[in-house]
**Q** 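Structure below; questions to follow.
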2 protein chains.
Amino acid sequence: MVDPEDGQLSRRQRERLWHRQLILDAAEKLFSRKGFYQTNVQEIAEDAEFSVGFLYNMFENKELLYQELITARAEEYFQKTYEQIENANTPPDKLRAVLRTKLNFFERHRRFFSIFANISSQMDSGPPPMMSEDCMSRYRKYQQKLEEIFASGVRAGEFEDFPSSVAVLAIEGITNTIIGQWVHTGKNALESIDPEIIERILFDGFRAGRNEK
Amino acid sequence: MVDPEDGQLSRRQRERLWHRQLILDAAEKLFSRKGFYQTNVQEIAEDAEFSVGFLYNMFENKELLYQELITARAEEYFQKTYEQIENANTPPDKLRAVLRTKLNFFERHRRFFSIFANISSQMDSGPPPMMSEDCMSRYRKYQQKLEEIFASGVRAGEFEDFPSSVAVLAIEGITNTIIGQWVHTGKNALESIDPEIIERILFDGFRAGRNEK
DNA sequence: CTAAAATATGAATAAAGGTTCACGATCACA
DNA sequence: TGTGATCGTGAACCTTTATTCATATTTTAG
């Protein structure tokens, strides 16, 4: 085959990439529905309407397929978040931007959430995460970024002086359980739980009478 | 064998029960370390110093062993929580009691946490939970109990009027990520993160200047 | 049009691991 | 001490499933 001019992919190559994507889509669907171990490659291939052999032509093995899935979407997510952080000015606004972005991103991509939440919750505890080292380090970087935002808010006298690592855990914890609830109940989403409420809980807490602007 | 007088177990029966417990302990250790699918019964039996056959004599299968493990400890946890709720008077105090109990319980029983958190996070989202119906319903009851507490606090004018289901998700979310962090880092625990801080975040939020008693 | 290269297939392979069961050891009780 | 019940063993069995590979099909380019 002639080497197509740099950057340009032949029709065939583009098609191949598209087929690869179809497999990733099927995998995302099934992994999110049944988890890694209860999904077999046969099913994935079938769902994508390819043969197992082809799947193995595209991906080295089941585990790497899974990891690639996660890495790609996570990358997309982190990227979007960073952009929104840049667009906001004060630490509180940046934090709000993080919340909005997260809620929006996982509102689309609910499937991905079940995969990602599972993994990331295991990252701070349980069994061996099935996440690539690469992706884990990006996740840590993301957490650090949030910590920095919080810390700078503290320095600016806008936030109480909590350890920023704890604050970030709180943010992640709240959002994850709530998004999980969306994914679970399926139906309603951003409407069922107003993001505003999450912000208020995080910023002003449960105690009554604190919400004078 | 003579039927021992009601309630009294023969030495043999007691021993059997004890051996059963040894298997449960080994299972807890391994499941928490490596997860359900990556732990095989062979290992569990070996770790408990019994044969696979004996394990299958005590438990119908791997899945039920897992479920029993969860159910037993979860039951213990819910029980403890209910007790502490009874001992507190106002809704805020009850909520504080819930937090303290949770933190304390999982400070001991870290192993169990990796199992339980995994499961309960999946209960509101992802893949099929490996939790018995029975245990799930008790978990829901527990959540309802917390919701009631919050709601009554709202009625008493002590809490902001957030939907109680959201408030409970927030509580569970924050505590789970933080406990997860303990389990993860292994080292420090109740000392590394003062429970006080968690309370303050939940009650008064991040915003500075709200913590006049 | 044709040969080499790239694609795609799915039956066959092999490894892993859950479950069973025939049997030996041990205990309770006379 | 004898005998039946209970306890405990682990090798063998069998299902499941990730992975391979010989083969068929399609494309490319000369």
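Numbered from 1 within each chain, the chains take letters A, B, ... in sequence-line order.
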**Q** Looking only at heavy atoms, which two atoms of B:Ile44 and B:Thr39 are closest? And how far apart?
**A** CG1-CG2, 3.8 Å
**Q** Using a strict threshold of under 4.0 Å (side-chain N to carboxylate O), is an ion pair present between A:Glu76 and A:Arg73?
**A** yes
**Q** Using a cutoff of under 3.5 Å, can you pull out all pairs of nitrogen or oxygen atoms linking the protein to nucleotides 10-12 of chain D, with atom names and distances?
**A**
| residue | atom | partner | partner atom | Å |
| --- | --- | --- | --- | --- |
| D:dG10 | N7 | B:Gly53 | N | 3.4 |

**Q** Examine B:Phe105 together with B:Phe78 and report whether their ring centres are nearer than 6.0 Å.
**A**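 That pair fails the under 6.0 Å test.
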**Q** Within residues 55-71 of chain A, which residues have any heavy atom lying less than 4.0 Å from an atom of DNA chain D?
**A**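 Listed by number, they are A:Tyr56, A:Asn61, A:Lys62.
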**Q** Report, as yes or no, whether the 6.0 Å neighbourhood of atom CD on B:Glu49 holds more than 12 heavy atoms from other residues, nucleotides or ligands.
**A** no
**Q** List the atom of A:Leu146, the atom of A:Glu172, and the distance in Å for their closest heavy-atom pair.
**A** CD1-OE2, 3.9 Å
**Q** Using side-chain contact (heavy atoms from CB on, under 4.5 Å), reason through A:Glu68 and A:Arg20 one step at a time and then give a plain yes or no.
**A** CA-CA 11 Å; A:Glu68 180 157 335; A:Arg20 186 188 163 85; 2.3 Å; yes
**Q** Can you check whether B:Phe113 and B:His109 have ring centres sitting under 6.0 Å from each other?
**A**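 Between B:His109 and B:Phe113, which both carry aromatic rings, the centre distance is not below 6.0 Å.
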**Q** I need the residues from residues 14-24 of chain B with at least one non-hydrogen atom less than 4.0 Å from DNA chain D; give them sorted by number, or say none.
**A**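 The stretch gives B:Arg16, B:His19 as the residues lying under 4.0 Å from the strand, ordered by number.
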**Q** Looking only at heavy atoms, what is the nearest atom pair of B:Ser120 and B:Asn176, with distance?
**A**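 Smallest heavy-atom distance, with atoms named: OG-ND2, 4.3 Å.
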**Q** Does NZ or CZ of A:Arg16 lie under 6.0 Å from the centre of the six-membered ring of A:Phe54, at an angle within 45° of the ring axis?
**A** no
**Q** Could you write out each protein N or O paired with an N or O of nucleotides 22-27 of chain C at a distance under 3.5 Å?
**A**
| residue | atom | partner | partner atom | Å |
| --- | --- | --- | --- | --- |
| C:dC27 | O4' | B:Arg12 | NH2 | 3.2 |

**Q** Under 6.0 Å between ring centres, would you say that holds for A:Tyr37 and A:Tyr66?
**A** no
**Q** For the residue pair A:Phe116 and A:Tyr139, does the interplanar ring angle fall in the parallel (under 30°), tilted (30 to 60°) or perpendicular (over 60°) class?
**A** perpendicular
**Q** Expected output is a numbered-order residue list: members of residues 31-46 of chain A with a heavy atom under 4.0 Å from any atom of DNA chain D. What is it?
**A** A:Thr39, A:Asn40, A:Val41
**Q** Please identify each residue that fulfils ring pair (Phe, Tyr, Trp, His ring centres under 6.0 Å) with A:Phe206, with sequence neighbours left out.
**A** B:Phe150
**Q** Decide whether a cation-pi geometry holds between B:Arg96 and B:Phe203; the criteria are a distance under 6.0 Å from NZ or CZ to the six-membered ring centre and an angle within 45° of the ring axis.
**A**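 Yes, a cation-pi geometry.
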**Q** Any salt bridge linking A:Arg100 with A:Glu199? Criterion: basic side-chain nitrogen under 4.0 Å from a carboxylate oxygen.
**A**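 Yes, this pair counts.
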**Q** Kindly say whether the aromatic ring centers of B:Tyr77 and B:Phe112 come within a distance under 6.0 Å.
**A**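 Ring-ring flag for B:Tyr77/B:Phe112: false, centres at least 6.0 Å apart.
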